[in-house]
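Only one structure is covered here, and it is reproduced in the block below.
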Amino acid sequence: MGDTALEAVLRRDRAVVTAALAVIAVFAWAYVLWLAADMGSPVSGGEAGDMAGMDMASMNMGGMAMGAAVVPGVRAWASADFVFTFTMWAVMMVGMMTPSVAPMLLLYAGVGRKALADSRPIASTAWFFTGYLVVWVVFSIVATGAQWLLTRFALLDPAIAAHSAVLAGIILIAAGLYQWTPIKGICLRQCQAPIAFLASHGGFRTTAPGALRLGMDHGAYCLGCCWALMALLFVGGVMNVLWIAGIAILVLLEKVVPAGQLIPRISGALMVAVGLWLGLSAL
């Protein structure tokens, strides 16, 4: 295949991968927006601000009661509540993290096409992306457990946010301090430089299990970089769409803006400052 023809194919592949990622992100965000709108819609004659006093069992998603998954102290969680909450977190993570992994996937797809043209094929990009998503699915299980625990102790309000300024301040301070830690820096550097990540992990894989494991390795660095930022969802509200979008934008900026550790350190300092203010104002 000539260079011109190969370049045309690579451009097409990049367009296809970009379109696929965009569709995935759009569907995930559409689900989150639909869910947030449904939670905030008028129920039993009251607006979203009256949700704390209503019977949440009247709200359901395709027949699934949402009660305990949303409002603390309504009732003990049933299995359906765990399934619903896990689904909510998993879809939200896909929507938030897909844009930030796009550079890595586009690189993978481009190299894969060149390798195929040279009769040295590597495993499909889909396997790598699946491995990446597996990490965030596991994180969603942990997040579901955290939400259940906070709900059990009545520490969340109807917006699935910290019920007290003190708790919100503690989460902000912890997340802000993590932004300055060496492990944050190590994980962020791996996410910012896809080529460096591949070089340090033995390059691309020719088998599906190998690509799956490589995707999981990349996802683990991404998780190490972003898990504390995801904890901030319990500050602004797990179903606060603007808050979700703000965190997603911060994650994307950290990974794609060539500013090294500047963005996480500035954001970390702001988180600590706001957390201290919230905590002290509550005393």
Side-chain angles (χ1 to χ4, degrees), residues 6 9-32 86-118 120-144 186-227 229-230 244-245 247-257:
L6 180 58
V9 171
L10 289 174
R11 284 195 297 271
R12 185 202 66 187
D13 284 359
R14 283 193 293 269
V16 169
V17 172
T18 301
L21 293 176
V23 168
I24 292 171
V26 165
F27 272 106
W29 276 100
Y31 176 81
V32 171
F86 163 73
T87 302
M88 175 186 72
W89 276 98
V91 174
M92 187 161 55
M93 291 303 101
V94 171
M96 294 178 73
M97 302 311 301
T98 296
S100 68
V101 77
M104 180 72 205
L105 295 178
L106 290 172
L107 172 65
Y108 195 107
V111 172
R113 171 60 69 174
K114 289 183 178 178
L116 182 62
D118 294 337
R120 292 182 290 105
I122 61 175
S124 169
T125 308
W127 286 110
F128 180 90
F129 189 38
T130 299
Y132 179 85
L133 292 180
V134 164
V135 173
W136 287 104
V137 168
V138 173
F139 171 80
S140 298
I141 296 173
V142 176
T144 299
I186 292 171
C187 292
L188 182 57
R189 282 192 291 273
Q190 293 289 331
C191 294
Q192 288 175 329
I195 294 176
F197 164 78
L198 290 167
S200 63
H201 286 76
F204 296 93
R205 303 294 193 269
T206 58
T207 64
L212 190 71
R213 175 59 187 272
L214 188 64
M216 292 174 66
D217 288 343
H218 188 65
Y221 280 114
C222 189
L223 178 61
C225 177
C226 302
W227 71 268
L229 297 179
M230 298 307 165
I244 296 170
I247 294 174
I249 290 170
L250 177 57
V251 168
L252 182 62
L253 290 176
E254 283 189 353
K255 293 184 178 182
V256 302
V257 173

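Keep in mind that the numbers below use all heavy atoms, side chains included, and drop hydrogens, waters and symmetry copies.
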Can you tell me if CD1 on Ile141 sees more than 12 non-hydrogen neighbours from other groups inside 6.0 Å? yes
How about Trp89 and Phe86: are their ring centres within less than 6.0 Å of each other? no
Compare every heavy atom of Leu107 with every heavy atom of Pro194, then report the nearest pair and how far apart it is. CB-CD2, 3.7 Å
Please report the closest heavy-atom contact between Ser124 and Ala211, naming both atoms and the distance. O-CB, 4.5 Å
Heavy-atom closest pair, residues Ile244 and Met92: CD1-SD, 3.5 Å
Identify the heavy atoms of Ser200 and Gln190 that sit nearest to each other, and give their distance. OG-OE1, 3.6 Å
Indicate the ring-plane relationship of Tyr221 and Phe197, choosing parallel, tilted or perpendicular according to the 30° and 60° boundaries. perpendicular
Stepwise side chain to side chain contact (heavy atoms under 4.5 Å, CB included) check, Met230 with Trp136: CA-CA 11 Å; Met230 298 307 165; Trp136 287 104; 4.2 Å; yes
If you round to the nearest 0.5 Å, how far is CG of Leu133 from CZ of Phe128? 10.5 Å
Nearest 0.5 Å please: distance from the OG atom of Ser100 over to the CD atom of Gln192. 11.5 Å
Pairwise distance CG(Leu214) to CH2(Trp127) - rounded to 0.5 angstrom: 14.0 Å
What's the verdict on side chain to side chain contact (heavy atoms under 4.5 Å, CB included) for Arg213 and His201, showing C-alpha distance, side-chain angles and the deciding distance? CA-CA 11 Å; Arg213 175 59 187 272; His201 286 76; over 6 Å; no
Looking only at heavy atoms, which two atoms of Val251 and Cys226 are closest? And how far apart? CG1-SG, 3.7 Å
Nearest 0.5 angstrom please: Met93 CE to Cys222 SG, how far? 10.5 Å
Contact check, side chains of Thr98 and Phe129, non-hydrogen atoms, under 4.5 Å: yes
Output the distance between atom CG (Leu212) and atom CE (Met216), rounded to the nearest 0.5 Å. 6.0 Å
Distance check, rounded to the nearest 0.5 Å: Lys255 atom NZ versus Leu250 atom CG? 11.0 Å
For side chain to side chain contact (heavy atoms under 4.5 Å, CB included), just list the numbers for Leu198 and Val111, CA-CA rounded to whole Å, side-chain angles, deciding distance to a tenth of an Å, and then say yes or no. CA-CA 12 Å; Leu198 290 167; Val111 172; over 6 Å; no
Criterion side chain to side chain contact (heavy atoms under 4.5 Å, CB included) on His218 and Met104, from CA distance to verdict: CA-CA 9 Å; His218 188 65; Met104 180 72 205; 3.9 Å; yes
Looking at every heavy atom in both Val135 and Gly219, which two are closest together, and how far apart are they? CG1-O, 3.5 Å
